[in-house]
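Report on the structure given below.
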Amino acid sequence: MKQIKKLFSYLVALAMVFSIVTLAGVNVHAAGETATSKSTYTLTVNNTDTKAKHIFEIYQIFKGDYNKKENEAATLSNIEWGSGVTDAGKTAFGPAKVKAESLNDSNVSSFAKELVSNSYLQSPITTDPVESGKSAAVNVSAGYYLIKDKDGSQKETHGDYTSYILKVVGDTTANTKLNVPTVVKKVEDTNDTNGTTSDWQDSADYDIGDSVPYQITGSMPTNIGDYETYKYVFTDTMSKGLTYKANTAKIKIGDTDVTTSFTENVTSNTDGSTTVTWSCDNLKGIQGVTINANTKVVVTYSAKLNENAVIGSAGNPNTVDLTYSNNPNQGGEGETGKTPEDKNIVFTYKTVVNKVDKDNNPLKGAGFTLQKKVNGTYQDIKTIKAGETTKFEFSGLDDGDYKLIESTTPSGYNTIAPIEFTITATHDTDSGDPKLTELNGVKATGEIDLGTQQKATVDTSAGSITANVVNNKGSELPETGGMGTTLLYGVGAILVAAAAAYVVMNKKHSTNK
């Protein structure tokens, strides 16, 4: 019996031990404590930039013991200065624990900028270039880390510098904090014949001599609030077929005219093109406007399609890019980024008339006037006088209704009736590289022949509509000295002979009496 009682006592004691161990296990799990025995952790930096690659530098600001509880933020305990801070920085900031405890959401960005601007950083882990949309993973010990772009790595790129990232490191991921503005250029297309004007789009066609309206729209980065100043420069390059009149552009932010806050500079290039810049050193310093992530800057201007305009599918392109402050960590001062170019294009065409006779032989002596229907009324646009030429080119035309009039007719030929025809064209209206896709010349009756029995030849690349225009000779009526006169002379001789015979016979008759 005593042995049974002792065994029972042992079992009770053992059960109590198991209960204590189990209870302790539950409490630990409920507290959510994760193991802190790891010596290294993985820090992954994602490059969220959609255009530019980045080289990251990673600095250990504080080191300590990493702690992470479920549903709570990660913390560091037993904090000391990390390997990434210089002795001068440690002296300037004082004890690491005190400095760490003073940081909060309102001053942490200032702390990061102070570390960088005072050159208090050293010994970074530097990544290889990280492509757009890719990541870099590095092994680090527990601590508080500052992540930044390598100085100079985003100069004149299509990206910008990430805002400084501060992370308490266990195994963790950091996404770059960056955003860039965009720039878009559009053109309006007007049909003179019916008076309609398109929406803003990426291509148009115009007559040489027309004024072409353009619109440029620039946006803001989402982190514009991180900048103290913000440089903003539009650079517009017009091909040699476009002429800009200086200081005619208008620049607005919302309903406010801010043209005087921008400096315009016009440069004529050796290839005949023209570059115009509109520059503002500090967009955030313009009085009377508020700059935020939704702000748009809109430039409108017109350029004349001139005599150097390229005919056909090569067209007359116009590009724009935007130079902008790209380092919010320096308040907007210093380096700049540049957007990719945005392009649109203006097309123009030509009609070629070959003057021929009915046998398709070249025929000299003709002259032509080309008219265009503008808002329902035909107007003269060009006259080519008669001479030795048999080929007549009317260049620099856009779509619309036209009338070809033979103003001088070759001698001995009948004047042709006026020929009415329509030029139609199709070109990309929403494209980064717009193309001329179709060109036609259609007679008013629906025949593609410009009034002849032969169809016109259309060359989209050359932008030309070519057709033979035939003159027929006048009617060949009898002339003096022809067969009619010979016949008349013969009849006259017979009549004279008959008259003489009559006189002789009449005399004989009188004598016999």
Side-chain angles (χ1 to χ4, degrees), residues 51 109 113 154-161 163 178-188 199-200 211-238 242-269 273-304 318-344:
K51 299 184 183 302
S109 292
K113 290 180 180 180
Q154 291 301 308
K155 185 176 182 179
E156 297 298 321
T157 70
H158 297 328
D160 66 342
Y161 287 85
S163 296
L178 43 78
N179 185 257
V180 296
T182 60
V183 65
V184 175
K185 183 163 192 181
K186 299 293 183 181
V187 62
E188 281 183 328
D199 292 331
W200 293 106
S211 182
V212 183
Y214 290 98
Q215 181 191 74
I216 303 169
T217 303
S219 71
M220 296 297 122
T222 56
N223 62 346
I224 185 67
D226 293 340
Y227 290 85
E228 296 174 15
T229 64
Y230 200 69
K231 189 177 184 70
Y232 211 75
V233 182
F234 295 104
T235 301
D236 190 300
T237 302
M238 308 172 198
L242 295 164
T243 301
Y244 173 71
K245 186 176 180 180
N247 298 310
T248 56
K250 296 295 182 184
I251 307 175
K252 285 189 171 185
I253 295 177
D255 295 328
T256 304
D257 190 325
V258 296
T259 307
T260 57
S261 296
F262 284 75
T263 300
E264 179 180 282
N265 184 60
V266 181
T267 303
S268 297
N269 303 314
S273 64
T274 301
T275 300
V276 184
T277 59
W278 295 281
S279 309
C280 180
D281 287 337
N282 180 17
L283 203 65
K284 300 187 78 170
I286 298 176
Q287 297 296 315
V289 296
T290 301
I291 305 298
N292 56 44
N294 298 316
T295 298
K296 304 290 185 185
V297 183
V298 180
V299 182
T300 54
Y301 73 89
S302 294
K304 179 182 177 181
N318 189 317
T319 61
V320 69
D321 61 50
L322 177 65
T323 300
Y324 54 91
S325 296
N326 73 343
N327 196 341
N329 305 308
Q330 295 180 1
E333 298 292 333
E335 295 178 18
T336 57
K338 183 180 290 187
T339 66
E341 288 183 337
D342 192 45
K343 174 182 178 181
N344 59 39

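Side-chain atoms are counted along with the backbone in the values below, which use heavy atoms only and exclude waters and symmetry mates.
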Set out, in order, the CA-CA distance, both residues' side-chain angles and the distance that settles side-chain contact (heavy atoms from CB on, under 4.5 Å) for Val180 and Asn326, then state yes or no.
CA-CA 8 Å; Val180 296; Asn326 73 343; over 6 Å; no

[Y] side chain reached by [X] side chain, heavy atoms, under 4.5 Å:
X	Y	answer
Asn292	Met220	no
Asp236	Asn318	yes
Leu242	Thr274	no
Val299	Phe262	no
Ile253	Ile291	yes

Audit row: Glu264, Tyr301, side-chain hydrogen bond (donor to acceptor under 3.5 Å, both in side chains) steps and yes/no
CA-CA 12 Å; Glu264 179 180 282; Tyr301 73 89; over 6 Å; no

Is [X] reaching over with its side chain to a backbone N or O of [Y], donor-acceptor style, under 3.5 angstrom?
X	Y	result
Asp342	Lys185	yes
Tyr324	Thr339	no
Lys284	Ile224	yes
Thr237	Thr275	no

Considering non-hydrogen atoms only, spot the tightest contact between [X] and [Y] and give its length.
X	Y	answer
Pro213	Ser302	CA-OG, 3.8 Å
Ser219	Lys296	CB-NZ, 3.7 Å
Thr229	Ser325	O-OG, 4.2 Å
Val298	Gln215	CG1-CG, 3.9 Å
Ile286	Cys280	CD1-SG, 4.0 Å

Show the numbers, then the answer: is there a salt bridge (Lys or Arg N to Asp or Glu O under 4.0 Å) between Lys252 and Asp257?
CA-CA 4 Å; Lys252 285 189 171 185; Asp257 190 325; over 6 Å; no

Hey, what do you get for [atom1] ([X]) to [atom2] ([Y]), rounding to the nearest 0.5 Å?
X	Y	atom1	atom2	value
Tyr214	Trp200	OH	CH2	10.0 Å
Ser268	Met238	OG	CE	10.5 Å
Leu322	Lys338	CG	NZ	10.0 Å
Asn247	Lys245	CG	NZ	10.0 Å
Lys186	Asp199	NZ	CG	10.5 Å
Ser279	Tyr232	OG	OH	12.5 Å

Is there a side-chain contact (heavy atoms from CB on, under 4.5 Å) between Leu283 and Val258 once you walk through the steps?
CA-CA 10 Å; Leu283 203 65; Val258 296; over 6 Å; no

Is the ring pair Tyr230/Tyr227 parallel, tilted or perpendicular, if the boundaries are 30 and 60 degrees?
perpendicular

Going by the side-chain contact (heavy atoms from CB on, under 4.5 Å) test, name the single residue among Val266, Asn265, Thr267 that passes it with Thr277.
Asn265

